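Below is one structure, written out as structure tokens, with a few remarks after it.
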Amino acid sequence: MNLELDAADRDFQAEVRAFIDAHWPDAARAQARDTVAREGRPSVVERAWFDALVARGWSVPHWPAAHGGANWSPTQHYIWARETAHADCPEMSPFGSRMLAPVLYTWGSPAQQAAHLPPIREARITWCQGYSEPGAGSDLASLTTRAVRDGDHYVVNGAKTWTSGAHHADWMFCLVRTDPHARKKQEGISFLLIDMRSPGIEIRPILILGEQHTVNGVTLNDVRVPLANRVGEENRGWTYAKGLLTHERTGIAGVARSQVALRRLRYLALANGLDDDDVFATKLDELEIELLALEMTELRTLATVEGGGAPGPESSILKIKGTEIAQRIDDLVIEALGYYALPYPAPQLIDNEGPIGPMNAVPAIRGMLYGRAASIFGGSNEIQKNIIAKAVLGL
Amino acid sequence: MNLELDAADRDFQAEVRAFIDAHWPDAARAQARDTVAREGRPSVVERAWFDALVARGWSVPHWPAAHGGANWSPTQHYIWARETAHADCPEMSPFGSRMLAPVLYTWGSPAQQAAHLPPIREARITWCQGYSEPGAGSDLASLTTRAVRDGDHYVVNGAKTWTSGAHHADWMFCLVRTDPHARKKQEGISFLLIDMRSPGIEIRPILILGEQHTVNGVTLNDVRVPLANRVGEENRGWTYAKGLLTHERTGIAGVARSQVALRRLRYLALANGLDDDDVFATKLDELEIELLALEMTELRTLATVEGGGAPGPESSILKIKGTEIAQRIDDLVIEALGYYALPYPAPQLIDNEGPIGPMNAVPAIRGMLYGRAASIFGGSNEIQKNIIAKAVLGL
Amino acid sequence: MDFSFSEEQTLLKDSVSRFVHNDYEFAARQKLVKSELGYSRDHWRTFAELGWLGVPFAEKDGGYGGGPLETMLLMEEFGKGLVVEPYVPTVLLAGALLRIAGKSAQKERYLPRIIDGSLQAAFAFAEPQGRFNLADLTTTAKKDGEDWLLEGYKCVVLNGPSADLLVVSARTTGAQRARTGVSLFLVDASAAGVSRRDYPTVDALRASEITFENVRLGKDAVLGRVGRALPVIEQAIDEATLAIGAEAVGCMEVLYKATVEYCKTREQFGQPIGKFQVLQHRMVDMFMEYEQSKSLMYMAAMRMAEGYGDEAKKAVSAFKVQVGKSGRFVGQNAVQLHGGMGMTDELNVGHYFKRLTTVDTLFGNVDHHLRRFGSL
Amino acid sequence: MDFSFSEEQTLLKDSVSRFVHNDYEFAARQKLVKSELGYSRDHWRTFAELGWLGVPFAEKDGGYGGGPLETMLLMEEFGKGLVVEPYVPTVLLAGALLRIAGKSAQKERYLPRIIDGSLQAAFAFAEPQGRFNLADLTTTAKKDGEDWLLEGYKCVVLNGPSADLLVVSARTTGAQRARTGVSLFLVDASAAGVSRRDYPTVDALRASEITFENVRLGKDAVLGRVGRALPVIEQAIDEATLAIGAEAVGCMEVLYKATVEYCKTREQFGQPIGKFQVLQHRMVDMFMEYEQSKSLMYMAAMRMAEGYGDEAKKAVSAFKVQVGKSGRFVGQNAVQLHGGMGMTDELNVGHYFKRLTTVDTLFGNVDHHLRRFGSL
């Protein structure tokens with residue numbers, strides 16, 4: 001047992017750091033840190049970063065090598081996640097690269113793989129996810145969007161909701177009901193790829209707490225989708241969608257992101273006259289210890305995976321603790337800011353006249369509000385605990 | 001709205017204080033504070049206190065005046081509870097005076113009232129409660145102790161558990177099943193008074209965490225109980241037992257006891273070098289605020305009752321918050337004691353050689369251990385929350 | 001001991017409650033907050049007509065003759081409707097400072113206009129370096145003959161954009177954090193040397209950063225005794241703290257009840273989610289937090305009504321600690337239990353959550369008031 | 001990074017596990033703790049025969065050549081059985097002090113007897129006024145010619161009743177809390193001037209209050225450098241802290257699993273109580289606390305194995321904070337979910353709870369280690 005990186009991993013770490021230094025300049029870093037994150041198309045510096053990744057073959061390192069993945073060990077993935085988070089590097093949209101791609105390279109046809117994997121790898125095309133529906137929140141499988149065959153097309157009718165980035169996306173991967181009479185509700189669902197330019201698609205912004213526009217309602221009215229855009233077999237879509245939920249565990253805890261956030265919080269506390277405050281310092285130290293524990297829990301999971309095993313029961317903690325810690329950091333940022341937690345000017349105002357209060361006060365309150373979603377979306381923490389109770393504790 | 005006591009209540013408070021000064025000397029107070037509470041018969045000073053109460057007509061103030069109650073207003077009861085707690089006065093065993101007596105003066109026969117109420121009022125006879133059974137914990141109504149008629153007697157067979165003070169008690173009030181075929185399990189239960197000297201009763205001590213003997217298992221083998229010792233109608237015992245659960249709310253929050261405990265904790269913290277410790281001080285202040293809130297919640301309940309109303313929804317908080325606060329104080333006492341939380345000598349050793357460490361270290365750890373029962377016995381806090389969810393929130 | 005309300009108090013409470021219920025539905029409120037002004041001048045006139053703007057002022061000053069209990073009742077109802085009209089800055093902050101420290105001439109000049117709704121005011125007290133310490137001031141006022149010259153910077157001045165009158169705390173003598181040497185000045189918002197940067201706050205109110213550059217003030221601009229203003233400021237802030245705490249109690253009541261209703265109707269996995277025991281207990285916890293906050297609200301209001309002193313300060317701080325913690329718990333869990341819907345701008349739940357977050361910060365957060373409670 | 005155990009480590013763990021499983025059932029343990037001695041000399045001999053008493057000592061000193069990782073593995077298994085034999089005071093405290101600071105002659109005299117099980121020892125370091133500050137000493141040792149005279153009082157000395165050898169911290173120079181001027185002395189428990197008051201502790205171990213009155217010690221009684229013992233003491237205490245933390249992790253594993261099993265079988269209201277969602281989530285929380293503790297246990301052991309310095313101290317303190325909090329949560333809820341049964345002396349659950357409570361206090365509680373973590 002030891003915590004040191006071995007020589008090969010240390011070399012890799014150095015390589016990663018050099019790459020970041022070369023392609024993600026300090027100015028970009030500072031800007032990423034101190035401004036409100038923007039949705040949509042990458043900015044110029046972000047585009048340059050993604051291009052460098054593509055050139056280096058590191059844009060989708062977790063994919064199979066045959067499709068352009070980097071063949072990294074879990075430890076290398078861990079190093080990559082940590083180093084890029086600490087440098088505030090932009091992340092590729094997860095919808096294409098982490099959520100759809102595993103479905104495509106596992107169950108997609110060769111034609112689908114050839115058409116869709118390269119643009120995702122090159123960050124040229126953005127995807128959104130059409131899973132949630134009004135009325136079916138955590139109970140995803142009770143979705144009602146219907147797809148009916150009409151010649152070599154499906155005709156799709158229904159509504160999706162909480163669709164992140166639908167207003168920027170070129171494509172949507174979507175669960176639809178193809179057999180309303182299936183014995184179990186999970187068994188009548190298919191997995192479709194839908195071009196967002198198709199006639200009949202309407203997008204309605206859903207503003208999130210504090211007027212942030214990231215999610216949307218999407219209505220589908222007689223949208224025609226070629227049968228060739230169905231992934232895998234008809235009525236087996238639930239299996240594919242569910243499979244990918246267990247596919248991706250690295251990074252789910254957000255340890256590196258929280259480490260960066262906690263470091264900034266310490267700086268903020270110092271800048272806000274809290275340096276002598278034992279009670280506040282205690283809260284930071286408690287959080288840091290919880291985060292250390294989470295990091296070690298993640299490393300234990302990595303070690304199991306690296307040893308060829310399946311992630312152990314400890315891995316099920318990652319999402320719950322990860323979101324709890326991230327939300328707690330957000331809360332303490334608000335505490336540290338004092339009165340400067342209140343101003344909430346429109347982004348244009350900041351662009352024109354500069355921030356109000358300390359540099360990162362505005363992203364902070366925005367982040368806190370949006371961060372409440374972390375324990376709701378993608379399976380609420382209550383659902384996560386139900387899963388652990390059943391799957392791990394056998395209750 | 002105001003918090004001041006009115007003139008009459010201030011007079012009453014003065015009267016109570018004078019009474020306590022006269023009948024509960026400082027030496028008794030100090031001893032009550034610094035030694036392990038003992039089970040069983042009252043000590044000499046305690047006996048004198050109870051005698052004074054009886055003489056003054058204050059031993060069972062909450063009873064109807066006809067049976068020897070004091071006809072106090074809710075505010076007077078509150079004043080009494082507060083003053084006696086702050087002076088560490090002994091409390092009468094609740095089993096006779098608070099749990100059985102209301103059943104007797106409401107549903108008991110004149111003969112039962114004449115036989116049993118006076119000795120309870122005079123603290124001459126002690127009672128224990130035969131409700132819980134092995135196998136039926138929070139689910140009280142599924143009890144299986146059987147009572148079968150045989151002439152003018154019932155013959156009782158079964159087992160009771162968690163019976164506090166059975167080893168000192170003269171009598172037990174007991175729920176037994178008289179109709180095993182009743183439609184609902186609540187409907188076949190009767191309420192019996194059983195002389196603990198009856199042949200066929202066996203008492204087995206159940207030692208509680210830390211070898212404390214307060215509760216017992218009681219086995220009943222062909223115990224003969226005169227029909228005349230059944231309270232009320234046959235098979236209606238559940239109604240009587242349940243009725244008394246809502247009968248008695250004052251003091252359920254233990255506010256005065258917790259105030260005393262918190263004051264001592266502050267003293268203990270000072271004596272243990274924690275006077276400069278902001279983090280510990282913060283914990284005490286947080287608790288004090290919670291306790292203030294609880295006291296006000298209790299006063300709001302009192303005010304409603306005093307105004308002739310039924311206790312409002314706020315009263316359902318009293319038990320949950322009361323036990324949470326009391327247990328939290330116990331935990332902080334252990335923290336304050338440091339290493340002196342560890343010694344656990346037998347009481348005889350303390351009697352012979354004096355305490356180990358600060359005067360109240362030993363009662364403290366004993367109290368902490370026993371205090372864990374507060375959120376379990378008498379309807380666990382989980383059950384209490386189920387009740388609030390249903391009865392107050394309508395869920 | 002008496003927990004009942006007088007007939008007058010009940011009438012006041014009912015009239016505010018009726019207004020919130022009939023004239024302040026959520027959609028209309030959302031239109032208001034998106035308007036240029038950020039609130040409704042019509043509503044403000046209604047407040048004046050119903051006498052609410054005069055609640056805390058003495059009858060001889062043209063007011064209603066109310067006190068902390070009346071303010072509490074009114075603000076609790078305002079909280080239920082998330083009322084955005086600038087009652088706190090104008091009536092409860094600037095108004096209280098004038099009420100407590102104003103000379104007759106000052107009262108006569110300003111109070112009638114506050115009470116009749118024609119004057120908007122703000123209290124500029126916070127500074128970027130000062131956190132919640134009311135005495136930590138770098139803004140200064142220096143004597144120049146008979147006049148004063150005011151120089152400095154105030155942050156997050158609530159109602160700054162609308163205020164005609166600014167009450168400004170400034171240091172006239174002493175070190176940056178000394179308890180003495182603090183003075184109050186009445187400043188015309190349009191005076192030369194006063195410049196503002198206006199913005200909305202996260203809870204949809206309006207505030208300003210205000211710079212004072214060499215602002216010349218006459219000697220009648222001094223409010224109260226020179227160098228002795230801190231106790232006056234503390235009292236006004238404590239009154240306002242009680243008020244926004246009561247508002248938060250109103251918010252919590254709406255939130256816990258809305259959550260219960262939502263969970264009774266929202267179905268998942270074939271049953272209303274209110275049947276899940278974990279959510280039931282969470283709502284019980286929300287309910288208990290609300291009730292405990294309400295208890296301390298009553299205590300704080302009664303202590304303030306008994307007279308302003310250490311007992312009252314301690315009670316207000318205890319209440320603010322409770323409201324800070326309970327508000328966070330109730331707000332976060334109302335959002336959580338409403339799931340995705342709780343995250344949206346269109347549902348009212350998130351807006352109550354934002355207001356509760358702001359209330360925790362305003363006039364000192366949990367840690368600040370916990371420390372103050374312990375020190376009294 | 002490597003989270004796997006060596007073959008030797010696995011063998012050690014398995015052998016301790018087997019012992020606990022086969023020879024340490026709860027009923028037998030309960031008989032032991034009620035005996036005069038409070039533990040079993042037979043077991044102690046077994047520990048010696050299996051080499052466990054030599055685990056942390058170098059092979060050249062006759063030991064097993066293990067380190068923090070081996071101690072962690074052994075203690076975690078001990079924790080599962082609530083082993084009461086005085087391994088911590090004899091091997092891990094007194095033993096560590098001798099190992100770290102002992103001169104060859106001292107090691108040769110004592111270590112073989114610790115390793116073969118013929119010597120019982122204790123470390124007398126705590127004083128009533130000192131709380132968790134290892135340097136806060138009123139016990140003094142003064143030079144008298146070539147000799148030392150030891151004078152003072154030590155509290156809650158674990159294994160005091162059985163100890164043949166006492167290692168005693170005392171102040172030889174400096175102010176009561178100074179970091180320098182602390183020395184260690186080897187004292188024969190039967191020496192003139194040593195008197196004890198023995199008692200059981202709440203977790204069924206044995207301890208003593210020990211008075212030293214004018215105890216005369218030869219110069220070879222000094223362990224390590226005069227006046228420079230504090231770093232040695234800190235290291236020994238940190239090693240022991242890791243060890244009892246690992247023990248607590250073992251306790252938590254037993255408790256969360258026992259609670260899950262109990263809730264699967266215990267029926268109330270017509271179903272196993274493990275079907276109630278609130279209890280399910282509580283057990284999930286217990287499980288998570290256990291896993292998080294285990295994670296920091298690995299971290300602390302690995303950091304200690306890398307070498308003793310600030311990184312190691314910080315990791316041990318982080319671990320102790322986690323164990324203190326998690327232990328309290330898991331212990332209290334194991335009792336709560338076992339209901340009345342959890343309160344009884346006859347069921348093992350309450351005994352694990354008591355041990356977890358004690359572990360939180362021993363060598364500094366949560367607040368102490370939180371502060372130390374923040375200061376490093």
Side-chain angles (χ1 to χ4, degrees), chain B residues 1-6 9-10 73-75 78-79 266 278 280-307 309 312-318 320-321 324-325 381-395, chain C residues 1-6 9 68-69 72-73 256-257 259-261 263-264 272 274-277 279-303 305-306 311 314-315 317-322 325-326 366-367 369-375:
Chain B
M1 263 203 160
N2 75 75
L3 277 177
E4 305 296 314
L5 295 178
D6 66 23
D9 286 331
R10 281 202 305 275
S73 70
T75 303
Y78 165 77
I79 291 168
R266 285 193 182 277
D278 264 7
F280 196 81
T282 297
K283 294 194 256 192
L284 296 183
D285 290 336
E286 285 184 299
L287 254 178
E288 188 165 328
I289 290 169
E290 282 183 51
L291 190 51
L292 275 173
L294 186 64
E295 185 181 17
M296 290 303 299
T297 300
E298 190 178 48
L299 288 175
R300 287 167 63 200
T301 306
L302 273 179
T304 324
V305 176
E306 197 142 336
E314 74 283 353
S315 67
S316 46
I317 299 172
L318 300 177
I320 295 171
K321 281 281 171 193
E324 281 176 1
I325 290 171
N381 280 8
E382 287 84 4
I383 299 277
Q384 303 293 334
K385 288 191 182 179
N386 286 349
I387 293 171
I388 299 178
K390 199 172 163 189
V392 181
L393 304 184
L395 286 164
Chain C
M1 274 191 306
D2 175 12
F3 279 76
S4 63
F5 298 116
S6 70
Q9 288 168 337
L69 293 165
M72 171 194 89
L73 289 172
Y256 100 75
K257 288 182 174 169
T259 305
V260 168
E261 282 316 304
C263 290
K264 278 182 188 168
K275 289 290 168 204
F276 290 103
Q277 196 192 23
L279 304 192
Q280 289 186 347
H281 284 209
R282 196 84 55 83
M283 287 183 269
V284 169
D285 290 338
M286 292 165 73
F287 158 73
M288 293 199 298
E289 292 294 323
Y290 157 72
E291 287 288 348
Q292 293 285 76
S293 296
K294 186 160 184 160
S295 289
L296 287 182
M297 173 180 81
Y298 287 150
M299 182 180 80
M302 286 187 274
R303 292 288 179 224
E306 285 166 14
E311 278 297 300
K314 208 163 167 152
S317 280
F319 175 42
K320 190 64 171 26
V321 168
Q322 182 77 46
K325 290 185 188 181
S326 297
V366 170
D367 281 1
H369 280 282
L370 204 42
R371 195 165 289 129
R372 185 170 182 249
F373 177 87
S375 73

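By convention in this document, chain letters (A, B, ...) are assigned in the order of the sequence lines, proteins followed by strands, and residues within each chain are numbered from 1. Every value quoted in this text rests on a predicted model; they were computed, and no experiment measured them.
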- When rounded to the nearest 0.5 Å, the distance separating CG of B/Leu292 from CZ of C/Phe319 is 13.0 Å
- Interchain contact, B/Lys390 with chain C, by part (heavy-atom threshold 4.5 Å): neither
- Roughly how far, to the nearest 0.5 Å, is the CG atom of C/Leu296 from the CD atom of B/Glu290? 10.0 Å
- Message: Would you say B/Asn386 and C/Gln280 are linked by a side-chain donor-acceptor pair, where the criterion is simply a distance under 3.5 Å?
- Response: no
- Item | Side chains of C/Val284 and B/Leu395 in contact at under 4.5 Å (non-hydrogen atoms) | no
- Do you know which of B/Asp278, B/Leu284, B/Val392, B/Ile388 has the most heavy-atom pairs under 4.5 Å to chain C? B/Ile388
- Task: Pick one of side chain, backbone, both or neither for C/Glu289, based on which atoms fall under 4.5 Å of a heavy atom in chain B.
- Result: side chain
- Taking side chain as C-beta onward, heavy atoms only, is B/Lys385 less than 4.5 Å from C/Asp285? yes
- Message: Measuring from atom CZ of C/Arg303 to atom CG of B/Leu3, what distance do you get when rounded to the nearest 0.5 angstrom?
- Response: 5.0 Å
- State which residues pass ring-ring contact (aromatic ring centres under 6.0 Å, His included) with C/Tyr290; sequence neighbours excluded, sorted by chain then number. C/Tyr256
- Message: Please classify the contact between C/Lys257 and chain B as side chain, backbone, both or neither, with a heavy-atom cut-off of under 4.5 Å.
- Response: neither
- Count the heavy-atom pairs under 4.5 Å between each of C/Lys314, C/Lys275, C/Lys325 and chain B, then report the option with the highest count. C/Lys325
- Item | Region of C/Ala305 that comes under 4.5 Å of a non-hydrogen atom in chain B | neither
- Task: Answer with side chain, backbone, both or neither: which region of B/Gln384 has an atom nearer than 4.5 Å to a non-hydrogen atom of chain C?
- Result: neither
- C/Phe373 side, atom CZ; B/Thr282 side, atom OG1 - distance, nearest 0.5 Å: 11.5 Å
- Query: Is there a side-chain contact between C/Phe3 and B/Thr304, using heavy atoms and a 4.5 Å cut-off?
  - Reply: no
- Message: At a 4.5 Å cut-off on heavy atoms, which part of B/Asp6 comes close to chain C: side chain, backbone, both, or neither?
- Response: backbone
- Task: Below 4.5 Å from any heavy atom of chain B, which atoms of C/Leu370 appear? Answer side chain, backbone, both or neither.
- Result: both
- Note on the structure: Value for CD (C/Gln292) from CD1 (B/Ile317), rounded to nearest 0.5 Å, stands at 5.0 Å
- Message: Taking the side chain as everything from C-beta on, heavy atoms only, tell me whether B/Met296 gets closer than 4.5 Å to C/Lys294.
- Response: no
- Query: About how many Å separate CD of C/Glu291 and CG of B/Leu294, when rounded to the nearest 0.5 Å?
  - Reply: 12.0 Å
- Message: Taking side chain as everything from C-beta outward and backbone as N, CA, C, O, which of these in C/Val260 sits under 4.5 Å from a heavy atom of chain B? Side chain, backbone, both or neither.
- Response: both
- Segment of B/Glu286 engaging chain C (4.5 angstrom heavy-atom cut-off): both
- Item | Minimum-distance pair of heavy atoms, taken over all atoms of B/Ala293 and C/Ser295 | O-CB, 3.6 Å
- Query: Any chance NZ of C/Lys264 has more than 12 other-residue heavy atoms, nucleotides or ligands included, within less than 6.0 Å?
  - Reply: yes
- Query: With side chains defined as the heavy atoms from C-beta onward, is the minimum distance between C/Glu306 and B/Glu4 less than 4.5 Å?
  - Reply: yes
